[in-house]
A.B. asks: 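For reference, the structure I am asking about is given below.
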Amino acid sequence: MTHLTGALLVSCALALTGCSGDQPADDSSGAASAAVAPASESLPDALDDADGLQTVAEALKSTGIEGIFKDKGSYTLLAPDDDAFAALGDAGKQLVSGQDQAALAALLKAHMLTGYVTPQDIGAAIDASDSGQVTMATLAGGEVTFTRADGAIEVSSGDGSQARLEGDPVTGGQSIAIPVNGVLKKT
Amino acid sequence: MRTILICAAATLALSAGSISAQPGGNGRGDGGGKKGERQGQQAGDKGGGQKGGGDNRGGGPRNQLPPQRQAQGPAKLQGPARPQGPSRPEAPLQRQAQEIARPQRPANQPGPSKQAKPERRVEAPGEQRGKPDKRWNGDADRAVPAVAARPLRGDIRRVRYDGPNGREFFVPRNDRVRIVTDRRDYDWGALHRRADYTGCPPGLARKYNGCTPPGLDRAPQRAWGAPDWYFGDYDRSYRYRYSDGYMLRLGSGTQVLGFIPLLAGALSVGQAWPATYQSVPLPDYYDSYYGLGPADSYRYYDDTIYRVNPGNSTIESVAALLTGNQFDIGQPMPAGYDVYNVPYDYRDQYVDGPDAEYRYSDGYIYQVDPTTRLIQAAIELLA
């Protein structure tokens with residue numbers, strides 16, 4: 001409980017978006033916006049303390065990708081929550097088992113963007129676009145597309161995988177993680 | 001109740017939030033604004049250039065990447081399209097750079113008083129530069145961006161540059177950035193980003209009695225056994241299969257013709273960097289930005305920078321992942337940068353507005369003309 005409370009305190013203190021208990025993050029707080037101030041610890045360490053993101057935190061460490069978060073490079077991780085990995089079934093278990101770390105690293109890269117992107121930034125870009133959707137390049141060489149759906153922001157990848165942005169972002173160093181409820185790669 | 005209390009504390013924390021810029025950086029290259037600037041530049045603000053390479057001891061790539069792959073490079077930075085000629089041609093975008101000694105006003109802050117109102121030298125959106133942008137309500141002086149912004153710093157100077165067709169533009173500047181508007185610091189086009197090596201990967205011949213990993217004679221059992229899991233662009237005229245941290249290129253049957261070492265597979269922390277893998281020198285700017293150190297202390301491969309022990313070449317960490325997207329000054333922004341993504345530490349200096357938008361990639365912030373979508377400047381981050 002102490003752990004959870006601490007995580008809530010950190011996420012609420014750092015988040016510019018919603019800070020309302022169980023309510024989903026509000027990405028459109030408008031003119032009164034302020035950037036999500038990153039925590040001093042690295043993003044993988046911050047994810048370690050975040051509820052429901054243990055799988056992706058461990059994956060960053062086991063693949064060695066955690067190293068990129070220790071310097072000035074800035075990244076955004078669309079972080080599948082633990083339930084998203086669990087929903088993959090045996091494939092998910094095998095991916096995170098450590099048997100094929102290269103495969104897991106490739107999966108993570110498909111969830112990573114260059115730079116520091118907040119849910120509010122994404123929402124603003126969607127609202128400003130004529131098509132109602134915006135794209136961002138991933139570190140895997142593809143793109144993800146963001147749209148609004150049922151009051152939330154959804155993200156889809158080139159292979160048709162979809163997820164929804166949910167919860168408050170987690171920050172650390174120069175980087176930020178936005179929890180998503182699905183894995184953006186078909187297994 | 002506890003949540004409410006926590007959120008109240010969060011509100012206080014937000015209101016009292018402070019900013020901390022990172023130290024370090026040693027900009028190089030005669031950056032933008034050198035000519036015609038009226039105020040001094042920071043020490044060390046000189047050209048980028050190319051760093052000495054690490055190991056290059058044979059065993060180089062069998063072939064190069066497919067054309068579409070080679071056409072890219074990690075955050076390539078080069079000048080606007082122009083005829084080939086002698087090195088260091090006169091800078092078309094930088095023939096005149098004039099520093100305006102006044103703070104930049106962000107689009108999300110109230111406009112200054114008449115006395116302090118900065119001179120506007122560009123058209124307001126909706127007037128002469130195309131249709132109004134939804135984000136700015138067609139009124140540049142009252143525009144309010146919806147992105148997650150920060151109050152602007154007080155040490156920002158707006159430096160004026162002459163752009164194409166006589167259109168001038170301004171770039172916010174201070175001593176923690178170096179502005180590049182004209183020339184190519186590094187020849188990314190000459191870079192072999194993901195070499196495909198010939199033969200059997202190191203160790204596999206012994207492990208599998210003649211380089212015959214199991215399963216090559218049938219379809220991959222998992223999605224990550226196929227090359228599409230790892231690459232969007234690869235030579236599709238060959239068959240590839242995953243095995244033991246490599247993507248193997250196959251000939252007839254199960255014959256292994258070549259291989260691509262993979263991040264966290266053959267190229268994982270703790271492994272020795274194979275001497276046969278070609279190393280690539282990167283721009284000096286990357287030394288400072290990613291903290292790479294001397295040329296023998298890092299390796300680059302497939303848009304990934306690895307730190308290695310100079311003594312025994314053991315991979316010590318993954319230093320950076322790069323997009324490989326190409327950015328050419330004077331050319332349109334590549335696709336996939338629809339969302340404001342400036343790092344937090346620079347959101348108090350580079351905020352989207354009616355006159356300019358900013359996008360980050362691979363260590364640079366790019367200033368983009370919101371109307372033409374052309375890249376006006378590349379900004380190196382020195383702090």
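The model shown is predicted, which means the values in this text are computed figures rather than measured ones. Letters A, B, ... mirror the listed sequences (proteins, then strands); counts begin at 1.
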A.B. asks: Less than 4.5 Å to any heavy atom of chain A: does that hold for the side chain of B/A266, its backbone, both, or neither?
C.D. replies: neither

A.B. asks: Which pair of non-hydrogen atoms, one from B/A223 and one from A/K186, has the smallest distance, and what is that distance?
C.D. replies: CB-O, 3.8 Å

A.B. asks: With a 4.5 Å cut-off on heavy-atom pairs, point out which of B/G245, B/S317, B/P334, B/P343 contacts chain A the most.
C.D. replies: B/P343

A.B. asks: Looking at A/K109, A/E66, A/Q94, A/E143, which has the largest count of heavy-atom pairs under 4.5 Å with chain B?
C.D. replies: A/Q94

A.B. asks: Go through it in stages, so that I can follow the logic: the residues are B/D345 and A/Y116, the test is side-chain contact (heavy atoms from CB on, under 4.5 Å), and I'd like the CA-CA distance, side-chain angles, deciding distance and then a yes or no.
C.D. replies: CA-CA 10 Å; B/D345 281 355; A/Y116 195 89; over 6 Å; no

A.B. asks: What distance separates B/L321 CG from A/I68 CD1, expressed to the nearest 0.5 Å?
C.D. replies: 4.0 Å

A.B. asks: Let me confirm one number: the CG-OG1 distance from B/D338 to A/T145, rounded to the nearest 0.5 Å.
C.D. replies: 8.5 Å

A.B. asks: For the OG atom of A/S74 and the CG atom of B/L381, what is their distance to the nearest 0.5 Å?
C.D. replies: 9.5 Å

A.B. asks: Which one wins on heavy-atom pair count under 4.5 Å against chain B: A/G67, A/A106, A/A103?
C.D. replies: A/A103

A.B. asks: Which value, rounded to the nearest 0.5 Å, describes the distance between A/T118 atom OG1 and B/Y344 atom OH?
C.D. replies: 11.5 Å

A.B. asks: Is A/L107 close to chain B through its backbone or its side chain, or both, or neither, when contacts mean heavy atoms under 4.5 Å?
C.D. replies: both

A.B. asks: Side chain from CB out, backbone as N, CA, C, O: work out which of these in A/Y75 comes under 4.5 Å of a heavy atom of chain B, or both, or neither.
C.D. replies: side chain

A.B. asks: Is there side-chain contact between B/L263 and A/I65, with at least one heavy-atom pair below 4.5 Å?
C.D. replies: yes

A.B. asks: Measure B/D228 against the heavy atoms of chain A and call it side chain, backbone, both or neither at under 4.5 Å.
C.D. replies: backbone

A.B. asks: Please examine the side chains of A/Q101 and B/V269, heavy atoms only from C-beta on, and report whether any two atoms are closer than 4.5 Å.
C.D. replies: no

A.B. asks: Side chain from CB out, backbone as N, CA, C, O: work out which of these in A/K70 comes under 4.5 Å of a heavy atom of chain B, or both, or neither.
C.D. replies: neither

A.B. asks: Does a side-chain heavy-atom distance below 4.5 Å link B/W229 with A/T187?
C.D. replies: yes

A.B. asks: Is B/A319 in contact with chain A via its backbone, its side chain, both, or neither, using a 4.5 Å heavy-atom distance?
C.D. replies: backbone

A.B. asks: Check whether B/Y290 reaches the backbone of A/G73 with its side chain - one donor and one acceptor, N or O, closer than 3.5 Å.
C.D. replies: no

A.B. asks: So, do A/D100 and B/Y242 sit near enough that their side-chain heavy atoms are less than 4.5 Å apart?
C.D. replies: yes

A.B. asks: Under 4.0 Å between a side-chain nitrogen and a carboxylate oxygen: does that hold for B/R347 and A/D121?
C.D. replies: yes

A.B. asks: Let me confirm one number: the OG-CG distance from B/S361 to A/L139, rounded to the nearest 0.5 Å.
C.D. replies: 8.5 Å

A.B. asks: Looking at A/V117, is its backbone amide N or carbonyl O close enough to the side chain of B/N341 to form a donor-acceptor pair, meaning the two atoms are under 3.5 Å apart?
C.D. replies: no

